Amino acid sequence: MIFISKYMVPKGYTGITIYPFVFLKSKKLKFNRVLINHEKIHLRQQLELLVIPFYIVYCIEFLIRLIQHKKWHSAYLNISFEKEAYTNELQMDYLKQRPFWHFLKYL
């Protein structure tokens, strides 16, 4: 389910997925197929890790990447979940053929 809320989406981002919801910064973003596909990939990742463990792993990996890269945006882009989503966001049929726990490939 998609909601529009500029207050739920952190500054500098256009969307955020908090299972089972996708929050977008503006209404026009609902029609951005690439962004929606990116967020759907995150929904699948969250479901595979049973939601709460996803957020724990995401935060731990972010902290590790922040130590490695020393810059917030670079750390964010190097999280395995984000790498998978950004790498495959243009493939609209990606989720139909994606293997289970495929994000591990991006570690």
Side-chain angles (χ1 to χ4, degrees):
M1 181 174 259
I2 298 175
F3 290 103
I4 309 304
S5 173
K6 63 182 178 181
Y7 302 108
M8 284 294 293
V9 180
K11 186 178 179 180
Y13 298 91
T14 53
I16 187 170
T17 300
I18 303 172
Y19 191 85
F21 308 108
V22 173
F23 296 93
L24 302 175
K25 206 161 211 119
S26 69
K27 285 183 185 180
K28 68 180 179 180
L29 292 171
K30 285 177 83 170
F31 305 103
N32 183 329
R33 293 181 65 220
V34 174
L35 175 62
I36 299 303
N37 195 43
H38 179 101
E39 299 304 334
K40 284 182 178 180
I41 292 169
H42 286 317
L43 284 172
R44 177 72 60 85
Q45 294 165 339
Q46 291 172 16
L47 192 58
E48 284 178 355
L49 285 176
L50 306 175
V51 185
I52 300 299
F54 169 86
Y55 295 110
I56 294 168
V57 171
Y58 191 102
C59 290
I60 290 170
E61 188 175 355
F62 175 76
L63 292 173
I64 291 167
R65 302 298 179 208
L66 189 57
I67 291 166
Q68 286 177 333
H69 298 276
K70 300 191 180 24
K71 294 191 181 200
W72 186 279
H73 192 67
S74 182
Y76 161 76
L77 291 175
N78 281 284
I79 297 169
S80 57
F81 301 111
E82 295 300 339
K83 282 184 178 180
E84 179 187 10
Y86 279 113
T87 300
N88 299 291
E89 67 187 8
L90 294 172
Q91 294 177 257
M92 295 305 148
D93 63 339
Y94 175 69
L95 288 174
K96 291 178 183 169
Q97 45 90 25
R98 177 186 180 269
F100 190 73
W101 279 21
H102 191 62
F103 67 88
L104 291 173
K105 173 184 173 184
Y106 298 90
L107 281 173

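Note that the structure is predicted; figures quoted are calculated from it, not measured.
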For L63, which residues count as a side chain to side chain contact (heavy atoms under 4.5 Å, CB included) partner, sequence neighbours excluded? none
Can E48 and R98 be counted as an ion pair, charged N to O under 4.0 angstrom? yes
Which pair of non-hydrogen atoms, one from N37 and one from E89, has the smallest distance, and what is that distance? ND2-O, 2.9 Å
Shortest non-hydrogen pair, Y76 vs F62, comes out as N-CE1, 3.8 Å
Assess, by modelled atom type and distance only, whether the side chains of H42 and E39 contain a donor and an acceptor separated by less than 3.5 Å. no
Do you know the tightest heavy-atom contact between P10 and K25? O-NZ, 3.2 Å
On a heavy-atom basis, which atom in K27 and which in I4 lie closest, and how many Å separate them? N-CG2, 3.7 Å
Residue pair L95 / R44: nearest heavy atoms and the distance that separates them: O-NH1, 3.3 Å
Would you say the rings of Y55 and F81 are close, in the sense that their centroids are separated by under 6.0 Å? no
Taking atom OH of Y7 as the centre, report whether more than 12 heavy atoms of other residues, nucleotides or ligands fall under 6.0 Å from it. no
How about Q45 and Y19: does a side-chain donor come under 3.5 Å of a side-chain acceptor? no
side-chain contact (heavy atoms from CB on, under 4.5 Å) between F3 and M8, intermediate numbers included: CA-CA 9 Å; F3 290 103; M8 284 294 293; over 6 Å; no
Could you state whether V51 and I41 fall into the same hydrophobic cluster, counting links through intermediate Ile, Leu, Val, Met, Phe, Trp or Tyr residues with side-chain heavy atoms under 4.5 angstrom apart? no
With E61, which residues qualify under side chain to side chain donor-acceptor pair (under 3.5 Å), at least two apart? R65, S80
Search all heavy atoms of L77 against all heavy atoms of E82 and return the closest pair with its distance. O-CB, 4.4 Å
When you check the side-chain N and O atoms of Y106 and N88, is any donor under 3.5 Å from an acceptor? yes
Begin with the C-alpha distance, continue with both residues' side-chain angles, and end with the deciding distance and a verdict on ring pair (Phe, Tyr, Trp, His ring centres under 6.0 Å) for F103 and F54. CA-CA 11 Å; F103 67 88; F54 169 86; 7.9 Å; no
Would you please test V9 and T14 for side-chain contact (heavy atoms from CB on, under 4.5 Å) and show each step? CA-CA 7 Å; V9 180; T14 53; 5.7 Å; no
Looking at K30, I want to see if its NZ is surrounded by more than 12 non-hydrogen atoms of other residues, nucleotides or ligands under 6.0 Å. no
My understanding is that only residues two or more places apart in sequence, or in another chain, count here; which of them pass side chain to side chain contact (heavy atoms under 4.5 Å, CB included) with I36? I2, L24, K40
